[in-house]
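Read through the structure below, which is laid out as structure tokens, and then see the notes.
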Protein chains: 4
Amino acid sequence: MPKVGMAPLRKAQLIDATILCIHEEGVARSSVQRISKRAGLSPGIVAHYFDDKDGLLTATLSRLNKNLSEEIIRRMKRANEPLDRLWAILDAHFQPVHFAPDTVDTWFALWGKMREIPNLQRVQRIYEARLRSNLRHALRPLVSAERVEVVADALSAMIDGLWAKSAQPTTEISAERAKTVFSDTLSRLLD
Amino acid sequence: MPKVGMAPLRKAQLIDATILCIHEEGVARSSVQRISKRAGLSPGIVAHYFDDKDGLLTATLSRLNKNLSEEIIRRMKRANEPLDRLWAILDAHFQPVHFAPDTVDTWFALWGKMREIPNLQRVQRIYEARLRSNLRHALRPLVSAERVEVVADALSAMIDGLWAKSAQPTTEISAERAKTVFSDTLSRLLD
Amino acid sequence: MPKVGMAPLRKAQLIDATILCIHEEGVARSSVQRISKRAGLSPGIVAHYFDDKDGLLTATLSRLNKNLSEEIIRRMKRANEPLDRLWAILDAHFQPVHFAPDTVDTWFALWGKMREIPNLQRVQRIYEARLRSNLRHALRPLVSAERVEVVADALSAMIDGLWAKSAQPTTEISAERAKTVFSDTLSRLLD
Amino acid sequence: MPKVGMAPLRKAQLIDATILCIHEEGVARSSVQRISKRAGLSPGIVAHYFDDKDGLLTATLSRLNKNLSEEIIRRMKRANEPLDRLWAILDAHFQPVHFAPDTVDTWFALWGKMREIPNLQRVQRIYEARLRSNLRHALRPLVSAERVEVVADALSAMIDGLWAKSAQPTTEISAERAKTVFSDTLSRLLD
DNA sequence: TATGAATGAGGATTCATTCAT
DNA sequence: AATGAATGAATCCTCATTCAT
């Protein structure tokens with residue numbers, strides 16, 4: 001009895017399981033068997049919906065990026081002042097949902113696999129391009145034209161650095177602290 | 001008397017091979033066999049000198065950190081002005097030797113394994129503590145007391161973010177560009 | 001629906017192969033690869049059904065013990081006289097099926113691994129407890145109360161000794177001979 | 001500076017280490033490296049004095065058997081009565097030195113390797129032949145001619161059974177208990 | 001006599017993937 | 001749509017052994 005419309009449900013189930021598994025057991029132990037068991041499904045299902053493991057991982061990164069993009073868009077809509085628009089971008093990254101340990105762990109783990117999985121690169125490149133574009137756009141009213149690029153680079157590096165740090169077991173970085181750091185930096189970096 | 005004094009030579013050989021292998025083939029394909037073959041040695045030798053693959057990876061991270069530390073110290077010695085001392089730290093990270101693709105790739109790959117290899121954490125924690133201490137020390141004459149911590153966080157996040165980015169295939173970050181970004185940021189961040 | 005109900009079949013297949021392999025090639029050469037090949041299956045299947053090589057060995061000991069227990073029970077049922085009940089236990093151990101070289105070799109080999117595989121101990125402890133209880137129960141009507149324990153020890157030691165000897169290449173012990181030895185001993189040991 | 005006359009010393013050292021290692025770490029973990037380290041020597045030394053690992057194991061079994069034989073001979077000399085001579089043999093096996101856990105563990109472990117190491121068989125066969133001959137000789141004045149063989153078998157099986165049991169982690173057999181069992185059995189088995 | 005460096009085969013295990021049902 | 005049986009390659013590690021010194 002073929003149930004119809006299971007695809008989105010199952011995909012979501014598997015992506016959730018992937019994130020959970022990477023967070024709780026580490027990438028190295030996040031095998032297809034382990035992920036599918038965690039999703040309450042069979043290992044074969046991964047091939048069914050994602051062709052292979054790389055497909056699942058790519059979909060997982062897509063989902064994470066999409067979540068973050070939507071958060072940014074949502075906040076952008078409510079932002080009227082130039083500075084608020086910039087903060088919409090930065091803030092989004094450190095919202096509890098997206099700065100949560102499982103999200104950040106997964107994001108970082110997938111970043112580590114990028115070299116080996118071209119599709120992962122593709123997905124990430126698209127997200128990054130959009131982020132950079134958003135950043136530059138938000139910065140334009142706030143800094144002189146010739147500094148837009150360099151400040152965008154600085155801020156984007158800081159975002160990545162803080163995310164990376166928070167994904168590491170060696171340091172404790174709270175979202176609160178991250179925002180404080182940005183506050184201080186922005187107050188100086190902008191003209 | 002046996003062939004003696006091989007230990008340091010062999011260890012260096014294997015660490016070199018590890019870095020090369022991770023850079024050229026990726027972490028996932030950097031098996032003990034592949035690394036040892038690249039070193040012109042047998043797979044068993046890894047256990048002989050490092051107990052474990054984990055031992056080899058830990059030693060590799062140690063070496064990388066030590067190289068960087070020495071670079072920082074070397075530059076520190078020649079720095080007389082407060083600002084020069086801060087630049088000594090930042091600059092060191094982006095010297096061709098330490099910002100070279102193989103170094104950065106390896107550093108990033110090992111960062112990704114940290115969760116699973118406690119010894120890697122230990123090594124990194126020590127390095128980080130020293131770096132933070134150096135940064136704070138260098139910042140003290142340059143910013144107000146209450147901003148030392150926050151600026152240290154910002155700069156350290158930027159370093160990590162730029163390194164992480166440069167280890168990714170999605171972006172091209174030159175050492176030159178990194179320094180430009182720091183220049184602009186520092187000019188504003190300091191009092 | 002997948003190919004179903006393979007579990008008991010495959011497990012039996014692998015246990016059979018284990019016994020055969022230990023008998024014909026020795027424990028030292030009874031690797032997972034060799035055992036599974038002998039079963040006409042792939043090495044991975046062992047993990048699938050038994051988790052471990054240890055799991056397979058434990059299941060093998062269980063099977064051997066179960067076979068023997070059932071033989072004893074079968075013979076017990078037909079035994080009406082007290083002496084017959086004692087013989088049921090002894091005889092069972094030296095029936096062609098259970099005293100067969102492959103069985104005894106495997107039993108002995110697994111006994112040698114007991115120190116290293118806790119689960120093997122557990123299985124054996126349970127079997128031994130039952131055997132001792134049976135022995136004592138059978139001896140009660142045949143010897144004075146204060147000798148039950150000591151005669152049980154003597155007989156159980158003789159069983160093990162004869163099995164152990166027969167598993168060794170240094171001596172030839174036929175089931176016939178074993179029974180003769182027991183006959184003589186019993187005729188004296190009982191009151 | 002080649003020291004002379006080291007051979008017997010070194011050999012004893014290695015055999016001691018073998019027994020200790022098998023007892024404390026188990027046969028499976030008693031590698032040449034581990035044994036030689038325990039002896040405070042290098043792994044290469046084993047080949048020097050025993051050709052290979054099998055040679056060391058064979059020498060170990062020889063030593064164990066020799067110790068036991070000497071114990072029997074010593075006790076035989078002091079035994080004047082026929083029954084005392086029989087007890088000399090049995091008792092020797094359960095003297096603290098020879099029934100000690102490390103001795104029994106090693107003896108049992110080597111028994112398990114016999115199938116795979118022909119030299120081990122050879123050594124054991126010789127010992128067993130002598131033991132059987134001693135047993136028969138001691139029994140001749142104590143039981144009727146036609147029962148000598150069968151009682152020898154029974155006693156020898158009991159010795160092995162008790163040793164085997166005591167080498168197993170599943171049961172606790174004290175030397176005291178062993179002797180009690182023999183006492184009861186002998187009192188009935190002899191004419 | 002003795003070392004310890006070095007080897008490479010062989011072990012158990014894990015894993016992504018395929019496929020019949 | 002979904003299963004789970006089954007595969008076989010790949011990984012890390014351990015080990016007996018060899019050898020130059």
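In what follows, every chain begins at residue 1, and chains take the letters A, B, ... in the order their sequences are listed. Heavy atoms only: backbone and side chains are in, while hydrogens, waters and symmetry mates are out.
Nucleic acid contact class of Ala28(C) (heavy atoms, under 4.0 Å, all strands): none. Within 4.0 Å (heavy atoms only), Phe50(C) reaches no atom of the nucleic acid at all. Note on Val32(B): only backbone sugar-phosphate atoms sit closer than 4.0 angstrom, heavy atoms only; bases stay farther off.
Rounded to whole Å, atom C1' of dT7(F) lies 14 Å from atom CG of Leu14(C). Atom CZ of Arg34(A) and atom C1' of dT13(E) are 11 Å apart (whole Å). Between Glu25(B) atom CD and dT11(F) atom P the separation is 10 Å, expressed in whole Å. The distance between atom CG of Leu41(D) and atom P of dA16(F), rounded to the nearest whole Å, is 16 Å. The nearest whole Å value for the distance from the NE2 atom in His48(D) to the C1' atom in dT18(F) is 14 Å. One interatomic measurement links the two molecules: NZ of Lys53(A) to P of dA16(E), which rounds to 4 Å at whole-angstrom precision. Atom CG of Asp52(D) and atom P of dC15(F) are 17 Å apart (whole Å). Rounding to whole angstrom units, CG of residue Asp51(D) and P of dT17(F) are separated by 10 Å.
Between dT3(E) and Ser42(D), a contact under 4.0 Å exists linking OP1 or OP2 to a side-chain N or O. Residue Arg10(C) has a polar side-chain atom (N or O) positioned under 4.0 Å from OP1 or OP2 of dA6(F).
Sequence order on DNA chain F of the closest nucleotides to Ile45(C) and Arg29(D) puts Ile45(C) first from the 5' end. Sequence order on DNA chain E of the closest nucleotides to Ala47(C) and Gly40(B) puts Gly40(B) first from the 5' end. Comparing Tyr49(C) and Val46(B) by the nucleotide of DNA chain F whose heavy atom lies nearest to each, the residue mapping closer to the 5' end is Tyr49(C).
Under the salt bridge (Lys or Arg N to Asp or Glu O under 4.0 Å) test applied with Asp16(B), the options Arg63(B), Arg10(B), Lys11(B) reduce to a single match, Arg63(B).
Here OG1 of Thr18(C) is found 4.0 Å from CD1 of Ile35(C). Values are rounded to the nearest 0.5 Å.
No N or O donor and acceptor, one from the side chain of Gln33(B) and one from the base of dA10(F), sit under 3.5 Å apart.
In Lys53(A), the NZ atom is crowded: over 12 heavy atoms of neighbouring residues, nucleotides or ligands sit closer than 6.0 Å.
Base pairing of dA20(F) is made with dT3(E), judged by Watson-Crick or G-U wobble geometry with both donor-acceptor distances under 3.5 Å.
Gln33(C) places no side-chain N or O within 3.5 Å of a backbone atom of Pro43(C) that could act as its donor or acceptor partner.
Note on ring orientation: taking the six-membered ring where Trp is involved, the planes of Trp107(C) and Trp111(C) are tilted (angle from 30° to 60°).
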